[in-house]
Structure formats: C-alpha cells, structure tokens
Enquirer: 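This structure is in structure tokens; I'll ask about it shortly.
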2 protein chains.
Amino acid sequence: MLADGRRQVVAFHIAGETFGFEGGKVRSFFAECIVSTGLTTVEIDRDGRYSPELMELALKEMIRAQEHLLVVGKQCALEKLAVFLVDLAERQGGLGCIDLPMTRTDIGDYLGMTIETVSRNLSKLRSAGVLRLRSSRSIEILKPQRLYCLASKL
Amino acid sequence: MLADGRRQVVAFHIAGETFGFEGGKVRSFFAECIVSTGLTTVEIDRDGRYSPELMELALKEMIRAQEHLLVVGKQCALEKLAVFLVDLAERQGGLGCIDLPMTRTDIGDYLGMTIETVSRNLSKLRSAGVLRLRSSRSIEILKPQRLYCLASKL
DNA sequence: CGAGGTCTTGAATTCTTTCAACAATAGTGG
DNA sequence: CCACTATTGTTGAAAGAATTCAAGACCTCG
C-alpha cells in the first residue's frame, strides 16, 4: 500500500509458486488470497544459509519483479494488458482459455492503470477479434499471434 | 532493452552497492557505467550456497526492485520525479545538493516517462521554488519538506 | 427477487507524448 | 584560445491517451 491509499500489486501467484522473500524483520508487502488457497512455509537454516534450491527461487522472484518493471514502465495500456494476458496464459498452460481469478481492480493495480482503462482495453481486444469474453472472468484467446505481437513476444 | 527498442532502467547504483544477482546462465539485463567505475566480483560457493551476507544483499536488491514498482506504477510524473530525487539524495547522504550523473534519458527510462516530461517537471519544481538547478546535472534542494511531501514520505 | 459488488461504457478533463525549434554544454581540432 | 560540431537539455504547440466522474448493465449470493 502507498501512503496515499493507492495500491501496487507486485505479483499474482498461482499454485506451486513461492513468495515472501523479505530479508529483514520489517515487511513492506503483504499477500492476499483471491481463491481458496493452501500454504506451506519454508524455514531457512538456523545459521541463515539458504539452500541452493531456495536461493534459486528467491532469485527467480527478483528477476520476475525486474521484468514486471519492464511491463509497468511501458506507456501503452494495451501493451501492458497483452503482456499480462500472455504471461497468465503461459503460466496456466496454454493459450486456449485464460482464467482471471482477480478483479479488474487487482489487474489495474498490478499494471498501474485504472479499472476503466483495463475494461476499455479488454473491450478493444474483443472488438478487434483478438479474444472473446466467455464471462468477465474467463477469456478465450482467438488470435494468439496478435496477442503475442502486442506483447512484443514476436 | 525491450523488443521495440525502448529501454527500462532497473536501477542506478552508487559506490558500494552490489548488483547482478541473476540466477541462471541466461542474463536478461546489462549494466552500463556512467561515471568512472571500479568493480569487484563476488564468487559464490562451489556448491551454490550463498553466504548469509550475500543472500541479504540479493534480497535487498529484490525489495528495491519491488519498491521501484511502486514508483513506476504511480500515475503522476511529478510524484515519480520527487521520489527519485529523494531516494538519490538520501543515498548521497543528505538533501543539500543532489548530483545527477545520469542523463535525462536515463532518468526518463528509469521512471517510465519521456525526457521532455522529466525536464518539464524539473522546471515545475524549480518555478515552485522547491529546488534550484546549479547546472543541469546538479540540483540544490530548497524546500526539502515539499519534496518529501510530493514523494509521499511525509 | 432484491441488494451489493463488479464490470462496462460515455463524456469531459487532465496529463503525457510527440514533433519541432532552440539554448546550453562539452569535446575536438586548428 | 577559439571556432566548430555533436550531444544534451529546455520549451512550445498540437495530438493522443489515460483518468475522472457518472450512469447503467451484469452477476452472485442470500
């Protein structure tokens, strides 16, 4: 949360992902469940040495944060949204149908835009025939290559 | 660098800071010197276990990246710039005079805005009496509390 | 069926970007 | 030391994009 009440969503995590690598005793971020969730905690060694596996996860998380910067730093809302959708699709295994468990507000706070902009640009993708909204929380990708292109992945 | 030629500056590092914690063999980012620079490399153990000290640095770097997200995600350019200046001032030890070794382009790519917007908002702060430009690369803070307030640090 | 939350869409405003011109600065070679 | 040149920085005007404010549609749950 920011001092003025605004919120920056740093990441969406799906099953099997690890988060919470904050070093010190002071925590700057918090996590929220948006679907029913099970958690496992990972303890570090008493002497503070991380295992290579855990270290790798922490570094992966850092790279992800830095790559998220690339997205949020983009100027065009449509592009940001495309990257978000492609990322989500890949992590859900394939570009057929994307499940959006989060609200438009969550997406907006993740991408640094208002919910109206999220909605408008989803509509823009819809009317361009790139995707179809089965419901507001379920998206069917009709033209994956167009989406990839917008996301600068092609 | 982004596929379309745009650039996202992830961090500015000053003397004594550590960077380059990319886990795998593939590197997504690169570093550039903008002042004359000395470097020391840190090697990790053969078994891949990081020392607690190095781990702490890596995690600090991750937190920094996530906090940078908070800045880039902000909508207002003036606010972003204020946060940038306050951060730089604090790392340079005090708010008297800030040294800007980087170009406006670097600042813009760091904050996710054009150089013109950087320049314009610096001018805005100048005409508001918040700061004075000794030169384009050297800034004197006249009203620190105003700057802090803009940076949502007060 | 009703109520609350979520989502979409429109219109006006505000802000940034883009394009262009010019000023200031630093570096180069005579 | 000075003119020349390239880079960097500033500013203006127009265009474009997102935000804000507002209204209404849709969905879910009790």
Side-chain angles (χ1 to χ4, degrees), chain A residues 2 4-9 32-36 71-85 98-128 130-140 150, chain B residues 2 4-9 32-36 71-85 98-128 130-140 150:
Chain A
L2 281 73
D4 58 359
R6 281 175 305 185
R7 188 179 65 149
Q8 176 65 48
V9 173
E32 245 176 272
C33 300
I34 55 176
V35 295
S36 73
V71 179
V72 177
K74 281 175 186 287
Q75 49 263 30
C76 178
L78 195 64
E79 244 179 307
K80 292 189 198 180
L81 199 60
V83 174
F84 167 71
L85 290 175
I98 307 179
D99 186 39
L100 298 176
M102 68 290 285
T103 66
R104 297 290 187 266
T105 304
D106 292 331
I107 299 174
D109 289 347
Y110 178 69
L111 296 176
M113 59 180 83
T114 60
I115 56 175
E116 292 96 331
T117 304
V118 174
S119 187
R120 263 185 258 274
N121 283 281
L122 275 176
S123 297
K124 201 179 285 184
L125 288 173
R126 180 171 47 73
S127 56
V130 176
L131 51 80
R132 198 170 74 82
L133 277 80
R134 299 174 62 86
S135 78
S136 64
R137 299 294 184 92
S138 175
I139 289 177
E140 187 181 343
L150 278 170
Chain B
L2 280 73
D4 57 1
R6 281 175 305 185
R7 188 179 65 148
Q8 176 66 49
V9 173
E32 244 176 273
C33 301
I34 53 175
V35 295
S36 75
V71 179
V72 177
K74 282 174 185 287
Q75 47 264 30
C76 179
L78 196 64
E79 244 179 309
K80 292 188 197 180
L81 199 58
V83 175
F84 167 71
L85 290 175
I98 307 179
D99 186 40
L100 297 177
M102 68 290 284
T103 66
R104 299 288 188 266
T105 304
D106 293 330
I107 300 174
D109 288 349
Y110 177 69
L111 295 175
M113 59 180 82
T114 60
I115 56 175
E116 292 95 332
T117 304
V118 173
S119 188
R120 263 186 258 274
N121 282 281
L122 275 176
S123 298
K124 201 179 286 185
L125 288 172
R126 181 170 47 74
S127 56
V130 176
L131 51 81
R132 196 171 75 83
L133 277 80
R134 297 175 64 85
S135 78
S136 64
R137 298 294 184 91
S138 175
I139 289 177
E140 187 182 343
L150 279 169

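Below, chain A is the first sequence line, B the second, and so on; all start at residue 1. Quick note: numbers below take in every heavy atom, side chains included, and nothing from hydrogens, waters or symmetry partners. Please read these numbers as outputs of a predicted model, since none were measured by experiment.
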Enquirer: Rounded to the nearest angstrom, tell me the gap between atom NZ in B:Lys80 and atom C1' in C:dT17.
Expert: 12 Å

Enquirer: Using a 4.0 Å heavy-atom cut-off across all strands, classify A:Ser135 as base, sugar-phosphate, or nothing.
Expert: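 If one applies the 4.0 Å heavy-atom cut-off, A:Ser135 turns out to touch nothing in the nucleic acid.
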
Enquirer: Once side chain to side chain donor-acceptor pair (under 3.5 Å) is applied, do any residues pair with A:Asp106, and if so which ones, sequence neighbours excluded?
Expert: A:Arg7, A:Thr103

Enquirer: With the side chain counted from C-beta on, respond yes when B:Leu122 and B:Ile139 share a heavy-atom pair under 4.5 Å apart, and no when they do not.
Expert: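 In short, these two side chains touch, coming nearer than 4.5 Å.
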
Enquirer: Would you tell me if any nitrogen or oxygen in the side chain of B:Arg126 comes within less than 4.0 Å of OP1 or OP2 on D:dT11?
Expert: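 Yes, such a contact exists.
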
Enquirer: Under 4.0 Å from any atom of DNA chain D, heavy atoms only: list the residues of residues 105-112 of chain A that qualify, in numerical order.
Expert: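 DNA chain D contact set from residues 105-112 of chain A: A:Gly112.
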
Enquirer: From the list D:dT8, C:dC7, C:dT8, which nucleotide is the closest neighbour of the side chain of A:Leu133?
Expert: C:dT8

Enquirer: What is the distance, to the nearest angstrom, from the CE atom on B:Met113 to the P atom on D:dA18?
Expert: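 Taking CE of B:Met113 and P of D:dA18, I get 16 Å after rounding.
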
Enquirer: Under 4.5 Å between any side-chain heavy atoms of A:Asn121 and A:Leu125, yes or no?
Expert: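 No, their side chains stay 4.5 Å or more apart.
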
Enquirer: Do nucleotides 23-30 of chain D as a string where each nucleotide becomes B, S or -: B if the base has a protein heavy atom under 4.0 Å, S if just the sugar-phosphate does, - if no protein is that close.
Expert: --------

Enquirer: Among B:Thr117, B:Leu150, B:Leu111, find the residue that satisfies the side-chain contact (heavy atoms from CB on, under 4.5 Å) test when tested with B:Lys80.
Expert: B:Leu111

Enquirer: Output the rounded distance in Å from CG (A:Asn121) to C1' (D:dA18).
Expert: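 After rounding, the gap between these two atoms is 9 Å.
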
Enquirer: Is there side-chain contact between B:Phe84 and B:Leu100, with at least one heavy-atom pair below 4.5 Å?
Expert: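 Contact flag for B:Phe84/B:Leu100 side chains = yes.
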
Enquirer: Does the side chain of A:Ile98 reach to within under 4.5 Å of the side chain of A:Leu131, using non-hydrogen atoms?
Expert: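 Heavy-atom side-chain distance check fails, nothing below 4.5 Å.
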
Enquirer: Where the side chain of A:Thr114 is defined as all heavy atoms beyond and including C-beta, which of D:dT19, C:dT9, D:dT10 is the nearest nucleotide?
Expert: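 So the nucleotide nearest the side chain must be D:dT19.
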
Enquirer: Can you say whether a donor on the side chain of B:Arg120 sits under 3.5 Å from an acceptor on the base of D:dG12, or the other way round?
Expert: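 Check passes, donor-acceptor contact within cut-off.
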
Enquirer: What is the separation between atom CZ on A:Arg134 and atom C1' on C:dC7, rounded to the nearest whole Å?
Expert: 19 Å

Enquirer: Given D:dA18, C:dT17, C:dT9, which nucleotide is nearest the side-chain atoms of A:Ala77?
Expert: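 That would be D:dA18.
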
Enquirer: Return the 5'-most residue of the pair B:Gln75, A:Thr103 with respect to DNA chain C, ranking by each residue's nearest nucleotide.
Expert: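 On the 5' side of the pair lies A:Thr103.
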
Enquirer: When you get a sec, tell me which of D:dA22, C:dC7, D:dT11 is the closest nucleotide to the side chain of A:Arg137?
Expert: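 Selected nucleotide (nearest to the side chain): C:dC7.
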
Enquirer: Identify the two heavy atoms, one from A:Leu133 and one from A:Ser136, that lie closest to each other, and give their separation to 0.1 Å.
Expert: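 Taking A:Leu133 first and A:Ser136 second, the nearest heavy atoms are CD2-CA, 4.3 Å.
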
Enquirer: Rounded to whole Å, please give me the gap between CD1 in B:Ile115 and P in C:dT16.
Expert: 15 Å

Enquirer: Are any of A:Arg104's side-chain N or O atoms less than 4.0 Å away from OP1 or OP2 of C:dT8?
Expert: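 Result: yes.
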
Enquirer: Starting at CD of B:Glu116 and ending at P of C:dC19, how long is that distance when rounded to a whole Å?
Expert: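 Taking CD of B:Glu116 and P of C:dC19, I get 10 Å after rounding.
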
Enquirer: Compare all side-chain heavy atoms of A:Leu2 with those of B:Lys74 and state whether any distance is below 4.5 angstrom.
Expert: yes

Enquirer: Starting at atom CZ of B:Arg6, determine the distance to atom C1' of C:dT16, rounded to an integer number of angstrom.
Expert: 14 Å

Enquirer: Would you say A:Arg132 has more than 12 foreign heavy atoms packed within less than 6.0 Å of its CZ?
Expert: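 For A:Arg132, atom CZ is crowded (more than 12 foreign heavy atoms under 6.0 Å).
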
Enquirer: Counting N and O atoms only, with roles assigned by atom type, does the side chain of A:Ser119 sit under 3.5 Å from a partner on the main chain of A:Ile115, one being a donor and the other an acceptor?
Expert: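 Between the backbone of A:Ile115 and the side chain of A:Ser119 there is no qualifying donor-acceptor contact (under 3.5 Å).
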
Enquirer: Tell me: CG of B:Leu122 to P of D:dT8, nearest whole Å?
Expert: 17 Å

Enquirer: Nearest to the side chain of A:Ser123, which nucleotide is it out of C:dT8, D:dT8, C:dT17?
Expert: C:dT8

Enquirer: Would you say a side-chain N or O of A:Thr117 is under 4.0 Å from OP1 or OP2 of D:dT19?
Expert: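 Checking D:dT19 against A:Thr117, a side-chain N or O does come within under 4.0 Å of OP1 or OP2.
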
